[in-house]
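To keep things clear, I will list the structure first and then write my remarks on it.
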Protein chains: 2
Amino acid sequence: MVAILLIEDDPLVRRGLELAMSRLGYDLRTSGTGQAGLAALAGDLPDLVLLDLMLPDLDGFEVCRRVRDRTDVPVIMLTARGDDVDVVGGLEAGADDYVIKPARPAVLDARIRAVLRRSTGDPDGLRTHRDLRIDTTALTVSRRGEPVTLTPTEMRLLLTLSRHPGRVLSRQQLLQDVWEHDYLGDSRLVDNAVQRLRAKIETDPAAPEFVQTVRGFGYRFGPV
Amino acid sequence: MVAILLIEDDPLVRRGLELAMSRLGYDLRTSGTGQAGLAALAGDLPDLVLLDLMLPDLDGFEVCRRVRDRTDVPVIMLTARGDDVDVVGGLEAGADDYVIKPARPAVLDARIRAVLRRSTGDPDGLRTHRDLRIDTTALTVSRRGEPVTLTPTEMRLLLTLSRHPGRVLSRQQLLQDVWEHDYLGDSRLVDNAVQRLRAKIETDPAAPEFVQTVRGFGYRFGPV
DNA sequence: ACCCCGTGTCGCAGCTCTGTCGCAACGACC
DNA sequence: GGTCGTTGCGACAGAGCTGCGACACGGGGT
C-alpha cells in the first residue's frame, strides 16, 4: 500500500484525485495548506508528496524545499499548463517531476510509479508480472504460486531487469549493475546468466515471456 | 535510447557522468574541448547537449550559441556553484536549463527528462508521428497500433532520423551516427538501409510518408 | 577430506542480418 | 528529347549474434 500526501487547496481537485487515486490502489491523504502539509509530514511519512504549486499560505517552491530539507521523500509538482518558468523553478527546488493540471489519472499513475522506482527502487517491495511474483525484500520468487529458487546471480539479474520493466538494458549496463565490474570487451557472461534464469522462470525458454532478447541491443524484461 | 553529448574538459567529471548516465540508460558520448564538441555535432546529432561552462579553448556561451545556430538540439549548462551571472548569461545564450556542479545523477536525470519533454512535447522517450509510435527506451515501433519488428540497423537508423524531424541528414552523417565508422567514399549502404526501413514502416515505399529522399543531399524524416 | 553447488569460459550450431553488386527507374540539366 | 548522375530494388553470400550444452574451477558445508 503506497501512501501519498496531496497538498492542494482546491477542494474539487482534492475530491477528484482522492477518488481516482484510491481506485488505483493508493492510500491518499490530503492537506489544504502548505502549513498543514508540513505538519502532516512531521508525523507519518508518506511514500511520495503531490504538491500543488499555488497554495494560499506558502509558496509551492518553499514547501518543496522544506520537505527536502528534512526528508528524502520524492515530490511531484502539480503546475498550471504551459508555465515553463515554474518547471525550472520546481526542479531547482528539488522536485523529482512535475505534472500539468488537469492530469489524467493514468498519466499521474505512470509518473508516480516512475518516480518511486527511481527513488526507492520499487513501490512496495513486491513486483507482480502476470503470474510471476518477485518479493524484493524477502528475495523470493514464485511462479503460479510455486516457489522458484534462484541463485544469487540469477536473483540480482532478475531484480535489475525487473526494476525497469519494458526497458532495454544493454549487456554493458547489466554487467555494471549485476556484476559490478566494468568490462569493456564483450562477454558471453550475460547471455549465459540470462539463459540460466530463463530455464527457471520461463515455461518455454525458446519463446521467453519475461526476459526478451533485443537483438543487437540487449535484454528487456516484461511483457510489453 | 537517448543520445547525449557531454562537452567537459575535466576527465574525472567525464568518467563519473559516463558511468552514472549509462546506468540510467543514456547513450553518453563525450568531447574534451569546445572544438571537438562542435565537430562531433557536425556528424553525430544527439538528443541533448550537456555543456560545461569552463572550457580550455572556447567560451561555453560561444559554444552554446554555435550549437543553436546550426541545430535545434536542446542544451543544458553545467556551471560552478553559486555563480548567478553565469546562469543568466547561459540562458541568454540559448541554454534550455542549467545545473550546478556537482549534481546528483537523479537531479540531472530529472532535468534532462524535463527539458526533453518540453522540447519534444512527448513523455519519456516516446516519439509519435502520425500513426507511427517509436518507444526509444523499450526500442519498439508500432504503426496503427500494429507492432513492427525492426533489425538493429533499421532501429538505429529510425532513431537517428526521428531524432531530428524535418531536418535533412546527409549520408555522411548517417554513416557516422548509425554505423559509427567514417567512410569517406560514398556508399550505397545508407540507401539500402533506408529502403529496408521503408519496406517495414511505409504503406507505400514509392511515396514515402516518413523517410523522404532529398535528392543530392540525403534523407529527411517526417511529414514536415 | 570430500562433495556439491554456483559461476565463468569455451566452442559449436543455427539463424538472422547486413554489406555488396548489378540492373532498372527516375529526375535534373543541358 | 537526350544524357548523365542519382536512387530504388532484388539477390546473394559472408559475417555477426545468440542459444545452448559441456567443462573446469573454487568455495562452503558436511
Side-chain angles (χ1 to χ4, degrees), chain A residues 139 141 148-161 168-221, chain B residues 139 141 148-161 168-221:
Chain A
L139 295 183
V141 176
V148 179
T149 57
L150 297 183
T151 68
T153 306
E154 289 159 3
M155 180 63 82
R156 278 199 302 273
L157 178 59
L158 180 58
L159 286 177
T160 301
L161 284 169
V168 174
L169 299 178
S170 69
R171 291 175 172 75
Q172 190 66 31
Q173 282 175 279
L174 290 171
L175 275 175
Q176 282 181 20
D177 275 11
V178 178
W179 283 267
E180 296 189 353
H181 57 82
D182 26 33
Y183 269 18
L184 282 180
D186 86 316
S187 157
R188 309 292 311 283
L189 217 169
V190 180
D191 300 52
N192 216 290
V194 165
Q195 183 216 142
R196 279 164 176 153
L197 176 60
R198 275 181 183 155
K200 291 192 177 176
I201 65 170
E202 302 278 2
T203 357
D204 178 17
E209 186 180 359
F210 298 107
V211 183
Q212 289 155 1
T213 304
V214 182
R215 203 183 166 89
F217 292 98
Y219 295 95
R220 174 179 50 207
F221 178 83
Chain B
L139 297 182
V141 176
V148 179
T149 57
L150 297 183
T151 68
T153 306
E154 289 159 4
M155 180 66 79
R156 280 198 299 274
L157 178 59
L158 179 59
L159 286 176
T160 300
L161 285 169
V168 176
L169 299 179
S170 70
R171 286 158 223 277
Q172 191 64 33
Q173 282 177 301
L174 290 171
L175 273 176
Q176 281 184 25
D177 201 0
V178 178
W179 282 266
E180 295 189 354
H181 57 79
D182 23 36
Y183 271 17
L184 283 179
D186 86 316
S187 157
R188 309 291 311 285
L189 218 169
V190 180
D191 300 53
N192 214 290
V194 166
Q195 181 223 356
R196 278 165 176 153
L197 176 59
R198 277 181 182 155
K200 291 193 178 176
I201 65 169
E202 303 279 2
T203 357
D204 179 16
E209 184 181 359
F210 298 107
V211 183
Q212 288 154 4
T213 305
V214 182
R215 205 183 166 86
F217 292 98
Y219 294 95
R220 174 181 51 206
F221 178 84

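Every chain is numbered from 1 and lettered A, B, ... according to where its sequence line falls, protein lines coming before strand lines. All values below were derived from every heavy atom in this structure, side-chain atoms included, with hydrogens, water molecules and symmetry-related copies excluded. Note that this is a predicted model, so its numbers are computed, not measured.
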message: Is there a side chain to side chain donor-acceptor pair (under 3.5 Å) between A:R198 and A:T203? Walk through the geometry before answering.
response: CA-CA 8 Å; A:R198 275 181 183 155; A:T203 357; over 6 Å; no
query: Distance-only, no hydrogens or angles: does the B:Q173 side chain make a donor-acceptor pair with backbone N or O of B:S170 under 3.5 Å?
result: yes
- prompt: Between B:E202 and B:E209, is there a donor-acceptor pair closer than 3.5 Å when you use the side chain of the first and the backbone of the second?
  reply: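 Side chain of B:E202 to backbone of B:E209, a donor-acceptor pair under 3.5 Å: yes, one is there.
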How long is the line joining [atom1] of [X] and [atom2] of [N], in whole Å?
X	N	atom1	atom2	result
A:D191	C:dC15	CG	C1'	15 Å
A:L189	D:dC17	CG	C1'	17 Å
B:L175	C:dT20	CG	P	10 Å
B:F217	D:dT7	CZ	P	10 Å
A:Q195	C:dG14	CD	C1'	15 Å
B:L150	C:dT16	CG	C1'	14 Å
B:R188	C:dT18	CZ	P	18 Å
A:E154	C:dC5	CD	P	14 Å

Look at the side-chain N and O atoms of [X] and state whether any lies under 4.0 Å from the OP1 or OP2 oxygen of [N].
X	N	answer
B:W179	C:dG19	yes
B:T151	C:dT18	yes
B:R171	D:dT6	no
B:T153	C:dC17	no

- request: Please determine if A:D191 and A:R171 form a salt bridge, counting it only when a charged side-chain N lies under 4.0 Å from a carboxylate O.
  value: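 Answer for the salt bridge query: yes.
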- prompt: So does A:R196 pair up with A:E154, basic N to acidic O under 4.0 Å?
  reply: no
- prompt: Does a distance-only test, which skips hydrogens and angles, find a donor-acceptor pair under 3.5 Å between the side chain of A:R198 and the base of D:dG19?
  reply: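 By the distance-only test, no, there is no pair.
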Let's see if you can work this out: which of [options] has an atom nearest to the side-chain heavy atoms of [X]?
X	options	answer
A:Y219	C:dG19, D:dC9, D:dG19	D:dG19
B:T213	D:dT18, D:dC9, D:dT7	D:dT7
B:P152	C:dC17, D:dC20, D:dC9	C:dC17
A:R215	D:dG16, D:dC9, C:dC12	D:dG16
B:N192	D:dC20, C:dG8, C:dC21	C:dC21

- prompt: Just checking B:R196: base, sugar-phosphate only, or nothing, at a heavy-atom cut-off of under 4.0 Å?
  reply: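 Base: the residue B:R196, judged by heavy atoms under 4.0 Å, touches a nucleobase.
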